[in-house]
Amino acid sequence: FRALPIVALAFISTFGLSTTKADAAASITFTSPADGSSQVVGSMVMPMGTASATGSTGTGLDLVLVLDSSGSMRNSIGGGQSRGDAQKAAAIALVNGLPTSGTSVSIVEFDSDANTVRTLLPLTGAGNIASIIAAINGIDESGNTDIRDGIVEGTGELTANGTAGRSKQMVVVSDGFSSQADAVAAATSAAALGFTVNTVAIPGATTSVLQAVATAGGGTFTDASIV
């Protein structure tokens with residue numbers, strides 16, 4: 001079978017959740033009946049008051065693609081394609097499908113440790129998309145799988161180079177062969193900073209780990225095997 005279109009759809013469906021951010025606090029001040037007053041049981045009361053809200057809204061997206069570069073990504077998924085092939089094709093499809101205005105993308109790879117191979121780069125500007133795609137295509141497959149390190153690296157990138165007011169998200173792609181407790185702890189820390197951690201399971205993945213990471217990160221889990 002050809003898994004590349006399936007995984008590409010998984011990426012796009014996972015991403016399409018939030019490209020806007022809003023923070024607001026609301027309150028209501030009641031003017032009638034008076035505060036502390038009492039009414040006869042069974043009587044009809046129409047409360048009146050003034051509602052107010054304060055906050056801020058922002059648009060745009062800072063997205064870090066956290067991609068698995070461990071040795072197991074060399075494993076075949078059929079049709080002469082490896083997990084790594086599927087991951088790269090899906091990541092490129094996602095980048096090409098994003099709105100260019102107000103969007104920046106970073107590429108992080110992780111195996112036994114993690115590395116930012118492309119810092120956040122706006123999709124506008126001559127050659128920027130090509131530079132991001134080159135970073136995706138340059139990812140190799142070797143070493144073990146440490147999802148925690150990938151999320152920590154992505155968190156650092158969003159913290160250091162993110163644009164104020166934008167939605168800040170990660171999409172972690174992996175076969176899931178990693179410590180669940182460590183990965184969940186990293187996703188929890190990222191969520192506490194206001195970052196969303198989505199996950200995509202490559203065909204053949206250990207889905208339970210990636211499901212737990214997405215839950216902890218306030219994001220969405222997608223199993224590319226069943227999309």
Here the gap from Ile136 atom CD1 to Glu109 atom CD, rounded to the nearest 0.5 Å, amounts to 11.5 Å
Could you pull out the closest heavy-atom pair between Ile202 and Met73, with the gap in Å?
CG1-CE, 4.1 Å
Do Val172 and Val200 touch side chain to side chain, with heavy atoms closer than 4.5 Å?
no
All heavy atoms of Asp149 vs all of Ala114, minimum pair found to be O-CB, 3.3 Å
Side-chain contact, heavy-atom cut-off 4.5 Å: Ser104 with Asp62?
yes
Thr103 (side chain) donor-acceptor with Pro99 (main chain) under 3.5 angstrom
yes
Any chance you could measure Leu61, atom CG, to Ser101, atom OG, to the nearest 0.5 Å?
11.5 Å
Using 0.5 Å steps for rounding, measure from the CZ atom of Phe195 to the NZ atom of Lys168.
6.5 Å
Heavy-atom closest contact (Ala190 atom, Ile151 atom, distance):
CB-CG2, 4.4 Å
Sequence neighbours excluded, which residues qualify as salt bridge (charged side-chain N to carboxylate O under 4.0 Å, His left out) partners of Asp175?
Arg83
Identify the two heavy atoms, one from Ser142 and one from Asp111, that lie closest to each other, and give their separation to 0.1 Å.
O-CB, 3.1 Å
Regarding Asp68 and Ser174, is there a side-chain donor-to-acceptor distance under 3.5 Å anywhere?
yes
Side chains of Ser112 and Asn144 in contact at under 4.5 Å (non-hydrogen atoms)
yes
One pair to check against side-chain contact (heavy atoms from CB on, under 4.5 Å): Val213 and Phe221. What are the steps and the verdict?
CA-CA 8 Å; Val213 169; Phe221 164 76; over 6 Å; no
CG of Asn128 to CD1 of Ile133, rounded to nearest 0.5 Å, is 11.0 Å
Is the closest basic N to carboxylate O distance between Glu157 and Arg118 below 4.0 Å?
no
Please answer: with hydrophobic residues joined when any side-chain heavy atoms are less than 4.5 Å apart, are Val184 and Val197 in the same cluster?
yes
Mind checking the CG-CD1 spacing from Leu65 to Ile132? Nearest 0.5 Å is all I need.
8.5 Å
Could you state whether Leu67 and Leu63 fall into the same hydrophobic cluster, counting links through intermediate Ile, Leu, Val, Met, Phe, Trp or Tyr residues with side-chain heavy atoms under 4.5 angstrom apart?
yes
Check whether any side-chain heavy atom of Asn115 lies under 4.5 Å from a side-chain heavy atom of Val108, and answer yes or no.
no
Output the distance between atom CG (Leu210) and atom CG (Asn198), rounded to the nearest 0.5 Å.
11.5 Å
Measure from the side-chain N and O atoms of Thr196 to the backbone N and O of Gln169, and report whether any donor-acceptor pair falls under 3.5 Å.
no
Val152, Val64: one ILVMFWY side-chain cluster at the under-4.5 Å cut-off?
no
Thr116 versus Glu153, side-chain donor and acceptor atoms under 3.5 Å
yes
In the structure I gave you, are the side-chain heavy atoms of Phe110 and Ile147 within less than 4.5 Å of one another anywhere?
yes
For Leu98 and Leu123: C-alpha separation, side-chain torsions, deciding distance, then whether side-chain contact (heavy atoms from CB on, under 4.5 Å) applies.
CA-CA 9 Å; Leu98 291 171; Leu123 295 187; 3.7 Å; yes
Looking at every non-hydrogen atom in both residues, tell me the closest pair between Ala214 and Thr199 and how far apart they are.
CB-OG1, 3.5 Å
Any side-chain to backbone donor/acceptor pair from Lys88 onto Ile139? Under 3.5 Å, distance only.
yes
Taking all non-hydrogen atoms of both residues into account, name the closest pair between Ala191 and Ala216 and its distance.
CB-O, 3.6 Å
No-hydrogen, no-angle side-chain donor-acceptor test under 3.5 Å, Ser82 and Asp85
yes
Indicate whether any N or O donor in one side chain lies under 3.5 Å from an N or O acceptor in the other, for Thr119 and Asn161.
no
Is a side-chain donor or acceptor of Thr206 paired with a backbone partner of Ser208 at a separation under 3.5 angstrom?
no
